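The chain is numbered in sequence order, starting from 1. What you see below is based on every heavy atom in this structure, not just the backbone, and it leaves out hydrogens, waters and symmetry mates. Bear in mind the structure is a predicted one, so any value in this text is a computation, not a measurement.
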Amino acid sequence: MAETPTGRIVVAGGSMGGLRAAEQLRAAGWTGAITVVGDEPHMPYNRPPLSKEVLAGKAPFESLAFTPKAAAADVEWRLGTKAVAARLDEHTVELDDGEAIRYDGLVVATGMRPRRLPCPGPLAGRHTVRTLADAQGLRDELTRHGVRVVVVGAGFIGCEVAATAVGLGVREVTVVDPLPLPMVGPLGDVLGRALLKRHEERGVRFALGTGVACFEGEDRVTGVVLGDGTVLPADVVVESVGSLANTEWLDGNGLDLSDGVLTDEQLRVGGRPEAVAVGDVARFPNARYDGVPRRVEHWSIPTDTAKHAAKALVAHLTGTGAELAAFAPLPTFWSDQHEFRLQSFGAPVLGKGDVRILDGDPESDVLVGYHTAGQLVGVVALGGQATAMGAARYRAQLLKQPALTA
């Protein structure tokens, strides 16, 4: 007989993943208590606009805040409070104020934090973009007259920040990256070259194939010294060099925390059916592809993981339902840079060895397909709205294809 859900589920993490987890727990039938613990003082908000609309001064914070679904209106939110330790065998989470909360179910949703460069030099003038406070502080700097900006990292955030800075009329914007092309890691050479050309045409400078040796300046940054000895004058530096998973609070529980928190195909943590992980902190096998556990830092992942993890957790806690099919999401992302958009469906990174132009031309708008063993595994559009819609037309095909491991 199913148990009446009268216990407590603790959701550690108060960003989008935590909100979606709380909502999906209610949707899955959990009527017991839910407590969400989050270190930021704000209710969950949408992060992608931080490097674009918020930085450009086109979107107030109020426009970013998510509105929780009515079914989750009774969820307890402990904001400005951080989970600092967990004792999984005892089903407790310790908070930074010293309180220990006991749980029946646990959702790990603590997300990521920006990686920082371990280079000597002053800290003042160096920024990351992860939180609302980050974006507001960086905007204050970018709107000063005549500033010179160096963006370290030519990935999604780095390219978006560079595009926004140029749009604000910043005096100089230079992007530094040890790789030979922007965004070449996830997208490959074809789109990397196309992005480089588009950014340069709009005034962004690049120093590629080299890293940062140190920062010049006394009280604040005045220059960036590259590995090849070049010195770039800089009033503002933006570090966009990847992320680190917030998993230290889970130390001591015998978990694989080498890159996020490892889960099984049901998003369960360490083989424990009462603990699941959601969002970009989760390193999960995707049954749609090769089954290799990976973290995925796309906007769609918090919602996708929350839906599956909530069902698995509630089924265990209530004793209802059969084992779910293995988690098999179709990753989705987009990135707005200048006036063009990158739109992707699937896993392009798995098919970079076989890239084919499906439509258009890299010199204008282009739709690119990524293949593994001849099978389409991802599509990316670069251009305007019509090209982005072209990528969306491949979504159904990607969903219907057999798993690569089949």
Undergrad: Any side-chain heavy-atom pair from R130 and P114 closer than 4.5 angstrom?
TA: yes

Undergrad: In terms of side-chain heavy atoms, does Q337 have a donor or acceptor partner in S335 at a distance below 3.5 Å?
TA: yes

Undergrad: Return the minimal non-hydrogen interatomic distance between V379 and A391, and the atom names on each side.
TA: CG2-O, 3.7 Å

Undergrad: Counting only heavy atoms not in K352, do more than 12 fall under 6.0 Å of its NZ?
TA: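 Correct, the count exceeds 12.
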
Undergrad: Tell me if the CG atom of D219 is crowded by more than 12 foreign heavy atoms within 6.0 Å.
TA: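 Incorrect, the count does not exceed 12.
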
Undergrad: With side chains defined as the heavy atoms from C-beta onward, is the minimum distance between W77 and M43 less than 4.5 Å?
TA: yes

Undergrad: Begin with the C-alpha distance, continue with both residues' side-chain angles, and end with the deciding distance and a verdict on side-chain contact (heavy atoms from CB on, under 4.5 Å) for L324 and H308.
TA: CA-CA 8 Å; L324 301 174; H308 195 96; 3.9 Å; yes

Undergrad: Verify whether one side chain among Y45 and E40 offers a donor that lies under 3.5 Å from an acceptor in the other.
TA: yes

Undergrad: So, are R283 and D256 salt-bridged, with charged N and O less than 4.0 Å apart?
TA: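 Yes, R283 and D256 are salt-bridged.
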
Undergrad: Is it true that E99 and K82 have a side-chain N and a carboxylate O under 4.0 angstrom from each other?
TA: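 Salt bridge flag = no for K82 with E99.
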
Undergrad: Is any NZ, NE, NH1 or NH2 atom of the basic residue among R268 and D264 found under 4.0 Å from an Asp or Glu carboxylate oxygen of the other?
TA: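 D264 and R268: salt-bridged.
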
Undergrad: Tell me, yes or no, whether the heavy-atom count around E218 atom CD, taken from other residues, nucleotides or ligands under 6.0 Å, exceeds 12.
TA: no

Undergrad: Is there a donor-acceptor pair under 3.5 Å between the side chain of T230 and the backbone N or O of L226?
TA: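 Flag not set: sc T230 to bb L226 has no pair under 3.5 Å.
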
Undergrad: Give, for atom CZ of R294 and atom CG of N286, the distance between the pair rounded to the nearest 0.5 Å.
TA: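 Those atoms lie 8.5 Å apart.
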
Undergrad: How close do S51 and T164 get, heavy atom to heavy atom, and via which atoms?
TA: O-OG1, 2.8 Å

Undergrad: Do E363 and R193 meet the salt-bridge criterion of a basic N to acidic O distance under 4.0 Å?
TA: no

Undergrad: Report, as yes or no, whether the 6.0 Å neighbourhood of atom CZ on R116 holds more than 12 heavy atoms from other residues, nucleotides or ligands.
TA: yes

Undergrad: Between E90 and R102, does any NZ, NE, NH1 or NH2 come within less than 4.0 Å of an OD or OE carboxylate oxygen?
TA: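 Looking at R102 and E90, the cut-off is not met.
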
Undergrad: Between the side chains of R205 and E200, is the shortest nitrogen-to-carboxylate-oxygen separation below 4.0 Å, so that they form an ion pair?
TA: no

Undergrad: Take M112 and E297, measure what side-chain contact (heavy atoms from CB on, under 4.5 Å) needs, and give me the verdict at the end.
TA: CA-CA 9 Å; M112 314 297 291; E297 296 185 37; 4.1 Å; yes

Undergrad: Would you indicate whether K311, at its atom NZ, is surrounded by more than 12 heavy atoms from other residues, nucleotides or ligands within a distance under 6.0 Å?
TA: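 Count not over threshold, so no.
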
Undergrad: Check E76 with R8, please: is the shortest side-chain N to carboxylate O separation under 4.0 Å?
TA: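 Yes, this pair counts.
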
Undergrad: Taking side-chain contact (heavy atoms from CB on, under 4.5 Å) as the criterion, tell me which of V150, D177, V224, V237 meets it with V212.
TA: V224

Undergrad: Could you verify whether a donor N or O on one side chain and an acceptor N or O on the other, from T332 and W299, lie under 3.5 Å apart?
TA: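 On atom types as modelled, these side chains do not qualify, holding no pair under 3.5 Å.
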
Undergrad: Quick one about T110 and N246 (side-chain donor to acceptor, distance below 3.5 Å, no hydrogens or angles considered), yes or no?
TA: no

Undergrad: Tell me the closest heavy-atom pair linking G14 and P44, and the distance in Å.
TA: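 Taking G14 first and P44 second, the nearest heavy atoms are O-CG, 3.2 Å.
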
Undergrad: Salt bridge between D280 and R295, side-chain N to carboxylate O under 4.0 Å?
TA: no

Undergrad: Salt bridge check: are D89 and R272 linked by an N-O gap of less than 4.0 Å?
TA: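 Yes, this pair counts.
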
Undergrad: Answer yes when R220 and E141 have at least one side-chain N-carboxylate O distance shorter than 4.0 Å, and no when they do not.
TA: yes

